[in-house]
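All of these numbers come straight from a predicted model, not from anything done at the bench. Sequence positions, counted from 1, serve as the residue numbers for this chain.
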Amino acid sequence: MSELLCTVKSGGLFTTIQDLGRPGFRQFGVPVSGALDQESAALANTLVGNPIEYPLLEITQTGPYLEFEKYGALAIAGANLSPRLNGIDIPNHETVFFAKGDVLSFGQPKTGIRAYLAFSGELQVERLFGSVSTHTGNQWGGLNGQTLQKGDQLRIVPPSQHIQHQKIRHQIRTTNTIRVTKSMEFEALENSDQERLFSQDWIVASESNRMGIRLSGASLISKLPEMISSPTDTGIIQLPPSGLPIVLMNDSAAIGGYPRICAVLREDLPIISQKPPGATIRLKLIT
């Protein structure tokens with residue numbers, strides 16, 4: 001039987017309910033969605049005794065303000081967004097216990113931009129294609145397919161076992177090097193643009209979101225052939241007519257019409273997902 005966990009007093013900048021996504025449906029045009037930094041999402045759930053696939057909150061840059069209605073445990077992993085319980089700083093990557101009437105808030109980002117907030121027990125939200133992940137563009141999953149809003153209430157099925165305090169030393173990876181492999185249309189790039197792709201620093205653009213991480217820098221000028229829409233996947237780097245690459249992320253469409261020049265190593269997707277606008281990255285080609 002579910003119980004009222006907390007009331008949302010403020011939803012923050014962009015807070016959504018996510019899990020590990022809905023893989024296996026891209027052939028039907030269904031985006032994968034799910035946590036962008038799946039390493040951190042899995043860690044947060046583990047710290048409160050949950051299976052790693054349980055729903056949790058993905059918090060972007062500015063966190064929500066939550067008032068709890070019952071006793072429980074939480075854990076935050078990923079970005080350090082200066083979390084506080086009743087105005088007192090609490091750590092990332094550690095089990096934290098709360099009581100009825102306690103309030104959770106966040107301050108300024110210190111490292112990274114996406115934090116994952118897990119609660120002991122299973123958040124109760126409807127499933128679609130086997131997942132509760134929110135896709136705001138399609139208005140799927142989560143709470144009415146939207147970001148958390150003031151007045152929303154989160155309900156939870158309490159855990160069946162006693163929650164043990166856990167703590168782990170962990171930091172998100174902050175390297176600026178993102179490893180990539182060649183993709184389908186890479187060889188259509190002129191040699192000069194192939195060199196420019198890997199020799200320059202790229203800046204994460206402010207237009208980046210859960211659909212794609214947009215990069216700004218010196219444009220690639222190769223005249224790539226027009227192509228019909230073709231299958232894509234999370235981590236594919238597309239090159240639109242602007243010559244500025246886009247790294248496709250979890251909410252991206254299953255097909256696209258831009259040339260696919262590279263693919264980010266799956267293990268490095270959590271790194272790029274934590275880069276704030278203005279951050280510098282360097283693409284490194286691997287075999």
Over all atoms of both residues, closest heavy-atom pair of [X] and [Y]:
X: Glu126; Y: Val132; answer: O-CG1, 3.7 Å
X: Ile113; Y: Ser273; answer: CG1-O, 3.9 Å
X: Ser183; Y: Ala263; answer: CB-N, 4.2 Å
X: Ile163; Y: Ala73; answer: CG2-CB, 4.1 Å
X: Ser133; Y: Gly34; answer: OG-CA, 3.2 Å

Would you please say whether a donor-acceptor pair under 3.5 Å links the side chains of [X] and [Y]?
X: Asn250; Y: Thr234; answer: no
X: Asp251; Y: Ser33; answer: yes
X: Gln149; Y: Thr147; answer: yes
X: Asn80; Y: Asn92; answer: no

Option among Lys150, Glu69, Glu67 that satisfies the side chain to side chain donor-acceptor pair (under 3.5 Å) test with Thr7: Glu69

Could you walk me through whether Phe119 and Leu66 pass the side-chain contact (heavy atoms from CB on, under 4.5 Å) check? CA-CA 12 Å; Phe119 304 103; Leu66 308 176; 4.1 Å; yes

Are [X] and [Y] joined in one hydrophobic group, where the rule is that I, L, V, M, F, W and Y side chains link up if heavy atoms are under 4.5 Å apart?
X: Val125; Y: Phe129; result: no
X: Ile272; Y: Tyr116; result: yes
X: Ile172; Y: Ile271; result: no
X: Tyr54; Y: Ile168; result: no
X: Ile17; Y: Leu20; result: no

Taking atom [atom1] of [X] and atom [atom2] of [Y], what is their separation to the nearest 0.5 Å?
X: Phe106; Y: Ser82; atom1: CZ; atom2: OG; value: 9.5 Å
X: Thr16; Y: Gln146; atom1: OG1; atom2: CD; value: 12.0 Å
X: Lys182; Y: Ile286; atom1: NZ; atom2: CD1; value: 12.5 Å
X: Lys9; Y: Leu148; atom1: NZ; atom2: CG; value: 13.0 Å
X: Gln18; Y: Glu58; atom1: CD; atom2: CD; value: 5.0 Å
X: Ile178; Y: Cys262; atom1: CD1; atom2: SG; value: 12.5 Å

Give a yes or no on whether the backbone of Met249 and the side-chain of Arg210 come within a donor-acceptor separation of less than 3.5 Å. no

Once you measure the plane-to-plane angle for Phe186 and Phe198, does it fall in the parallel (<30°), tilted (30-60°) or perpendicular (>60°) bin? tilted

Which word best sums up how the rings of His170 and His93 line up, parallel for under 30°, tilted for 30 to 60°, or perpendicular for over 60°? perpendicular

Between [X] and [Y] (salt bridge meaning N to carboxylate O under 4.0 Å), is one present in this structure?
X: Arg266; Y: Asp233; answer: yes
X: Glu3; Y: Lys100; answer: no
X: Arg114; Y: Asp37; answer: no
X: Glu39; Y: Arg173; answer: yes
X: Glu207; Y: Arg214; answer: no

Min side-chain heavy-atom separation Arg179-Val264 under 4.5 Å: no

